[in-house]
Q: 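This is the structure I have questions about; it appears just below.
Just the heavy atoms: all of them, side chains too, but no hydrogens, waters or symmetry mates, feed the values below. None of the values given here were measured: they were computed from a predicted structure.
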Amino acid sequence: MPTECKKRAVLVGCNYPNTFKELSGCVNDAKAMRDMILSRFGFDSENVELLTDEPESKYKPTRANIMAALKKMVDAAKEGDVLLFHFSGHGIVDRIDPHQPSNKGEAIVPCDFNPIFDVDLGQLIKQLPSGSSFTMVSDSCHSGGLIDKSKEQIGPHSTLRGIALPVDYKTRGISLGTLYQCLQTVANVIIATQGLFPTRALGNAINTGTDNMEGIGSILTTIFGNNVSLKFLPHDERDIVNLRSLTEDEGILLSGCQANEESSDMGASDKTGGMGFGAFTYTVLKVIRESNGALSNRQLVVKVRNEIIKLGCGQQHPCLYCTDENADAAFLGNQPNTTTGA
C-alpha cells in the first residue's frame, strides 16, 4: 500500500522582547499561521512545531532550537510530504546595494541573534527525499533570496518604491552594526552572570571585533562555538560538509519583500483587529480566508502584492521564487477546506 503523505510545519515568531529591536507582531503571525494550516490545509497538530520567544515559552526560537526543529522535520519527511517553514522576525543581508538585489547572503535572526543564513537552509533542503516539497514563508527584511538558486517568478516591482511607511509601523530588519551591538550585549550578560566562557576570550572578541561579517563571526564563534552558520566555520570544517548549490527545483520561497527591501511590522490598530502583525503574514492569511478555493503559489503572491498596498506598505514587494511547475501548483499542495473558519 502507498504511504500516506503527511504535512509538517515549523512555525517561528521572534518579537525580541526587552531589546532595542523589539517587534510586536511576530508571535501573533506564527500563531495565526498555525491556526490557518490546522483548519484549512489539513495539517495535524502533532506535526506542527511552534517556537516563540514569549516569556512563558519553554522552547525559545534560538538558532539551535530552530535548526533542530527543521532537521527533525526534514529527517521525518517521506516522498510526497509537504513541509512548511514560516519565519516571522528580523532579517539581515551581508551587503545591501540600494539599486540591485543582493547576492551576498541573506539571513533570518533567531531570538539569540545567532543568524541562520541561506547556506544553512540550503544544507537542510538538499537532504529532502525526492517527491517531497519545502515551502518557506518568510516575513522578514531582505527575505528575497533565502533559498539559493530558486527561480524568480514574481520579483522586483519598482514603480512603487519610495513610499514611506505609516508612522505606527516598524521594519523587520537590522543592520550588521546593530547585530554586532546586540551580540555585545549577549556577551556582556554571559560575562556578568553565567561564566560559561573564558571572560578574556569574550572580552577580546568584543573589543577587537568590528561591525562587519568578520567581526560578527568572531563574536558568534566565541559565544556559541560551532553552533553558528556554515558561513562562519573555518574553511577546513566547511570542506567536510557538502556545500553544493541547490538546483532550481529545490524549495519554494514566498518572501515578504525583495532582498534589498524591508518588511513591515504593524502595531495593534483597528485595521488588524487590535493586534500587531507582520504586513506580509497578515495579508497572506487575509487572501487565503477570502478565497473560494485553492490558490496557486503565483496567484497567492499576486493577490498579496495588491492587498499589501492597501495597508500602506507599498514600499515592500512580496516575491515568489520556485520552478515554473511549483509556481502554478496549489499553495501547500492541495485544496484548502473552505467549510471551516480560520
Side-chain angles (χ1 to χ4, degrees), residues 12-16 19-30 86-111 113 115-118 121 136-147 152 154-182 211 213 216 253-267 269 271-272 276-284 301 304-321:
V12 177
C14 295
N15 277 344
Y16 316 93
T19 71
F20 66 96
K21 293 301 292 184
E22 184 169 358
L23 299 172
S24 60
C26 302
V27 170
N28 291 336
D29 286 347
H86 174 251
F87 177 81
S88 183
H90 280 305
I92 58 173
V93 68
D94 189 337
R95 183 186 302 173
I96 304 170
D97 181 335
H99 304 293
Q100 296 292 335
S102 171
N103 61 359
K104 293 295 183 180
E106 294 77 27
I108 55 176
V109 182
C111 70
F113 295 98
I116 297 172
F117 277 86
D118 48 3
L121 296 171
M136 181 175 183
V137 178
S138 188
D139 196 345
S140 58
C141 290
H142 316 300
S143 47
L146 278 168
I147 296 182
E152 181 182 285
I154 301 174
H157 181 69
S158 60
T159 58
L160 295 174
R161 288 186 185 171
I163 298 176
L165 278 176
V167 294
D168 57 340
Y169 292 6
K170 296 180 180 179
T171 56
R172 291 185 168 185
I174 58 178
S175 66
L176 295 184
T178 300
L179 177 62
Y180 186 74
Q181 292 174 37
C182 293
D211 57 353
M213 275 297 167
I216 287 170
L253 172 64
L254 284 72
S255 66
C257 61
Q258 296 169 202
N260 59 339
E261 294 180 337
E262 296 180 324
S263 292
S264 305
D265 186 68
M266 306 187 299
S269 69
K271 70 174 65 174
T272 58
F277 286 100
F280 180 56
T281 299
Y282 178 84
T283 308
V284 166
V301 174
V304 167
R305 276 196 163 207
N306 292 329
E307 285 291 330
I308 208 165
I309 296 172
K310 300 176 185 178
L311 290 176
C313 300
Q315 90 299 332
Q316 71 181 83
H317 305 97
C319 299
L320 173 65
Y321 301 87

Q: If you measure only the distance, is there a donor-acceptor pair under 3.5 Å linking the side chains of Q316 and S264?
A: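 Distance-only check passes for Q316 and S264.
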Q: Without swapping roles, check the side chain of E261 against the backbone of H317 for a donor-acceptor pair under 3.5 Å.
A: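 Checking the backbone N and O of H317 against the side chain of E261, a donor-acceptor pair under 3.5 Å is found.
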Q: Is a side-chain N or O of S143 found less than 3.5 angstrom from the main chain of D139, in a donor-acceptor match?
A: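 No, the answer is negative, given that no donor and acceptor are paired below the 3.5 Å cut-off.
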Q: Which heavy atom in G13 sits nearest to a heavy atom in A30, and how many Å separate them?
A: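 Between these two residues, the closest heavy atoms are N-CB, 3.8 Å.
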Q: Between D29 and S88 (side chain of the first, backbone of the second, donor and acceptor by atom type, cut-off under 3.5 Å), is there such a pair?
A: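 No: the side chain of D29 does not pair with the backbone of S88.
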Q: How long is the straight-line distance from CG of N15 back to CG of L23, given to the nearest 0.5 Å?
A: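 Answer for the CG-CG pair, L23 versus N15, is 6.0 Å.
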Q: With a 4.5 Å heavy-atom cut-off, do L320 and L253 have their side chains touching?
A: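 Side-chain contact under 4.5 Å: no.
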Q: Atom OH of Y321 and atom CD of Q258: how far apart are they, to the nearest 0.5 Å?
A: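 The CD atom of Q258 is 6.0 Å from OH of Y321, to the nearest 0.5 Å.
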Q: Please report the shortest heavy-atom distance between P115 and P110, naming the atom on each side.
A: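 The pair with the smallest heavy-atom distance is CA-CD, 3.9 Å.
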Q: So do the side chains of F280 and L254 get within less than 4.5 Å of each other, counting heavy atoms only?
A: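 Yes; the side chains approach each other to less than 4.5 Å.
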Q: Sub-3.5 Å donor-acceptor pair from the side chain of S24 to the main-chain atoms of G276, do we have one?
A: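 Here the side-chain-to-backbone pair does not exist.
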Q: Under a 3.5 Å distance rule, please check whether Y16 uses its side chain to pair with a backbone N or O of V109 as donor and acceptor.
A: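 Flag set: sc Y16 to bb V109 pair under 3.5 Å.
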Q: Measuring from H90:NE2 to F113:CZ, what's the distance to the nearest 0.5 Å?
A: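 Interatomic distance, H90 NE2 to F113 CZ, rounded to 0.5 Å: 6.5 Å.
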Q: Atom CZ of F117 and atom CD of E106: how far apart are they, to the nearest 0.5 Å?
A: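 Separation between the atoms: 9.0 Å.
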Q: In Å, rounded to the nearest 0.5 Å, how long is the span from OG1 of T281 to CZ of F87?
A: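 Interatomic distance, T281 OG1 to F87 CZ, rounded to 0.5 Å: 10.5 Å.
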Q: The criterion is side-chain hydrogen bond (donor to acceptor under 3.5 Å, both in side chains); which residues satisfy it with S138, sequence neighbours excluded?
A: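 Expected list: S140.
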Q: Measure the spacing between OG of S263 and CD of Q315 and express it to the nearest 0.5 Å.
A: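 So the gap between those two atoms works out to 8.0 Å.
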Q: Donor-acceptor check, side chain of D265 to backbone of G278, threshold 3.5 angstrom: yes or no?
A: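 Flag not set: sc D265 to bb G278 has no pair under 3.5 Å.
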Q: How far apart are the closest heavy atoms of C319 and R305, and which atoms are they?
A: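 Minimum heavy-atom separation between C319 and R305: SG-NH2, 3.9 Å.
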